[in-house]
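Worksheet: the structure to be examined is printed underneath.
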There are 2 protein chains.
Amino acid sequence: MDTKSLMVDIATKLFQQKGYKGVGLNELLKACNITKGALYHHFPNGKEELLIACLQSLNEAITTDIESIFQQHPSTQEATHAMIEKLITNLETDGTITGYTFSSIVSEMASLSEPVRNACGALYEKIQDIYRNKLLTDGFSIESASSVSLFMTASIEGAMMLCLTQKSTDPLRTISKILPNLLKEF
Amino acid sequence: MDTKSLMVDIATKLFQQKGYKGVGLNELLKACNITKGALYHHFPNGKEELLIACLQSLNEAITTDIESIFQQHPSTQEATHAMIEKLITNLETDGTITGYTFSSIVSEMASLSEPVRNACGALYEKIQDIYRNKLLTDGFSIESASSVSLFMTASIEGAMMLCLTQKSTDPLRTISKILPNLLKEF
DNA sequence: CCTAACATACCGATCGGTCTGTTTACTACT
DNA sequence: AGTAGTAAACAGACCGATCGGTATGTTAGG
């Protein structure tokens with residue numbers, strides 16, 4: 001793996017876990033086992049540029065990951081269940097958020113940096129699109145599919161928040177149990 | 001208003017908007033028009049102690065606020081609608097999150113400080129309790145009420161996140177439109 | 001030999017926190 | 001009533017550590 005990709009990979013995890021301001025440059029460099037020279041060679045605009053690269057990388061990773069799950073299951077309901085199961089496994093194995101979320105970055109940076117806000121927005125959008133398309137093939141109307149996909153995104157994101165504060169995966173499990181009711185409703 | 005309360009009030013807003021690490025002590029002191037001496041007199045353990053005081057204050061404020069809304073409306077559905085309307089108004093008037101959320105603090109601090117994590121957990125718990133009790137009077141079973149109240153908390157929290165990235169109040173509006181479907185389901 | 005890919009020393013600014021005054025308010029005693 | 005004492009409520013200078021960022025090397029590959 002080349003240095004740049006390595007940096008993005010490690011930085012992504014750190015940013016997800018501790019937030020943008022929560023990760024210092026020195027800490028980051030030590031984790032990657034590189035120096036400032038390397039960082040500013042690949043990312044001349046420094047930390048924020050690295051963050052945006054991380055968000056873009058995350059965008060691709062999440063998209064392909066979720067998309068593959070949604071292709072493997074016939075209905076939105078089953079796909080969602082499988083996806084949340086995977087989220088739970090992730091959360092259980094490394095204790096912190098490393099999955100399809102980046103809430104810390106959103107809430108920290110949305111009001112501070114437009115580029116970062118846009119990158120986060122793009123990511124949410126893409127996730128919602130996958131849900132939406134699946135819902136459409138399930139037979140939902142365009143309007144319903146849009147609303148429900150937003151609802152799914154929001155509730156899963158919120159549930160991860162609750163998992164963090166409770167140090168438990170129960171909230172995600174509950175969401176997983178309740179979501180089907182919503183998907184049948186329409 | 002005494003100095004201590006003033007500090008908590010202003011700090012609460014700043015922490016909600018910029019996150020914990022996003023607010024420097026000097027910035028905070030300037031906003032309150034006080035000095036370090038005053039801060040460390042009232043909060044000997046510094047910034048983190050202030051944060052916890054803010055979370056506790058927020059706890060009371062949110063609780064009484066939501067509780068009053070839920071008392072004024074007969075059903076969970078109507079109360080929820082009114083509450084989200086208020087959230088939207090808040091978001092529109094000052095552009096940033098100042099309402100019933102503190103997601104930035106959760107995602108930043110949950111893995112770093114146990115006391116902070118607990119304080120955040122207590123707050124979510126209390127909000128959920130209000131929902132749950134209302135659902136019980138609506139005739140929901142204990143189990144259903146617990147699940148649905150968690151679902152409500154998560155989806156509203158997540159929706160605020162989406163509002164931030166989109167710089168729009170639409171996600172909250174969508175949630176508000178969809179939630180009743182869930183509340184009828186059971 | 002020239003450029004990409006680093007390494008490292010260094011920078012001012014800011015971080016949260018401490019320490020030592022000083023002012024104010026209130027109490028206790030004569 | 002006047003005064004002395006005391007503790008709470010600040011104010012502000014100062015601290016080392018760390019922040020993100022820069023400037024100047026050095027090294028290795030084509």
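Both backbone and side-chain heavy atoms feed into the values below; hydrogens, waters and symmetry mates do not. Protein chains get the first letters and strands the later ones, always in sequence-line order, with residue 1 at the start of each. Here the structure is a predicted model, which is why all the values come from computation and not from measurement.
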Quiz prompt | Within residues 2-17 of chain A, residues whose heavy atoms come under 4.0 Å of DNA chain C | solution = Thr3(A)
Quiz item: To the nearest angstrom, how far is Leu29(B) atom CG from dT18(C) atom C1'?
Solution: 14 Å
Self-check item: Sorted by number, the residues of residues 103-115 of chain A with heavy-atom contact under 4.0 Å to DNA chain D
Solution: none
Practice problem: Among Thr3(A), Asp9(A), Asp2(A), find the one that has a side chain to side chain donor-acceptor pair (under 3.5 Å) with Ser5(A). | Solution: Asp2(A)
Exercise. Look at His41(B) and dA9(D) and indicate whether a side-chain polar atom (N or O) is within less than 4.0 Å of OP1 or OP2.
Key: yes
Quiz item: Between the main-chain N or O of Tyr20(B) and the side-chain N or O of Glu108(B), is there a donor-acceptor pair closer than 3.5 Å?
Solution: yes
Quiz item: To which residues is Ile142(A) joined in a hydrophobic cluster, defined by side-chain heavy-atom contacts under 4.5 Å among Ile, Leu, Val, Met, Phe, Trp and Tyr, whether direct or through other members?
Solution: Leu136(A)
Self-check item: Residue pairs involving residues 82-107 of chain B (criterion ring pair (Phe, Tyr, Trp, His ring centres under 6.0 Å); sequence neighbours excluded)
Solution: Phe102(B)-Tyr124(B)
Quiz item: Considering residues at least two apart in sequence or located in another chain, which fulfil the side chain to side chain donor-acceptor pair (under 3.5 Å) criterion with Thr35(A)?
Solution: none
Quiz item: What is the distance, rounded to the nearest whole Å, between atom CG of Asn33(A) and atom P of dT8(C)?
Solution: 11 Å
Quiz item: Between dC6(C) and His42(A), is there an OP1 or OP2 to side-chain N/O distance shorter than 4.0 Å?
Solution: yes
Exercise. Supply the members, apart from Leu112(B), of the Ile/Leu/Val/Met/Phe/Trp/Tyr cluster built from side-chain contacts under 4.5 Å; use none for a lone residue.
Key: none
Would you list the protein and nucleotides 12-21 of chain D atom pairs, both N or O, that sit under 3.5 Å from each other?
unit_1  : atom_1 : unit_2   : atom_2 : d
dG12(D) : O6     : Gly37(B) : N      : 3.4
dC19(D) : OP2    : Asn26(A) : ND2    : 3.2
dG20(D) : OP1    : Val23(A) : O      : 3.3
dG20(D) : OP1    : Lys47(A) : NZ     : 2.6
dG20(D) : OP2    : Leu25(A) : N      : 2.5
dG21(D) : OP2    : Tyr40(A) : OH     : 2.8
dG21(D) : OP2    : Lys47(A) : N      : 3.2
dG21(D) : O5'    : Tyr40(A) : OH     : 3.2
dG21(D) : N7     : Lys36(A) : NZ     : 3.3
dG21(D) : O6     : Lys36(A) : NZ     : 2.3

Practice problem: Would you please name every residue forming a side chain to side chain donor-acceptor pair (under 3.5 Å) with Thr165(B), sequence neighbours left out? | Solution: none
Practice problem: Name all residues meeting the salt bridge (charged side-chain N to carboxylate O under 4.0 Å, His left out) criterion together with Glu49(B); count only those two or more places apart in sequence or in a different chain, and write none if there are none. | Solution: none
Quiz item: Can you name the residues that form a ring-ring contact (aromatic ring centres under 6.0 Å, His included) with Phe70(B), not counting sequence neighbours?
Solution: Tyr131(B)
Quiz item: Could you give the CZ-to-P distance, from Phe43(B) to dG16(C), as a whole number of Å?
Solution: 15 Å
Side-chain donor-acceptor pairs of residues 88-96 of chain B under 3.5 Å, sequence neighbours excluded:
unit_1   : atom_1 : unit_2    : atom_2 : d
Thr89(B) : OG1    : Glu85(B)  : O      : 2.9
Glu92(B) : OE2    : Arg173(B) : NH2    : 2.8
Thr93(B) : OG1    : Thr89(B)  : O      : 3.0
Thr93(B) : OG1    : Asn90(B)  : O      : 2.9
Asp94(B) : OD1    : Thr98(B)  : OG1    : 3.1
Thr96(B) : OG1    : Gln17(B)  : NE2    : 3.2
Thr96(B) : OG1    : Asp94(B)  : O      : 3.4

Quiz prompt | Sequence-distant partners of Ser57(A), side chain to side chain donor-acceptor pair (under 3.5 Å), two or more places apart | solution = none
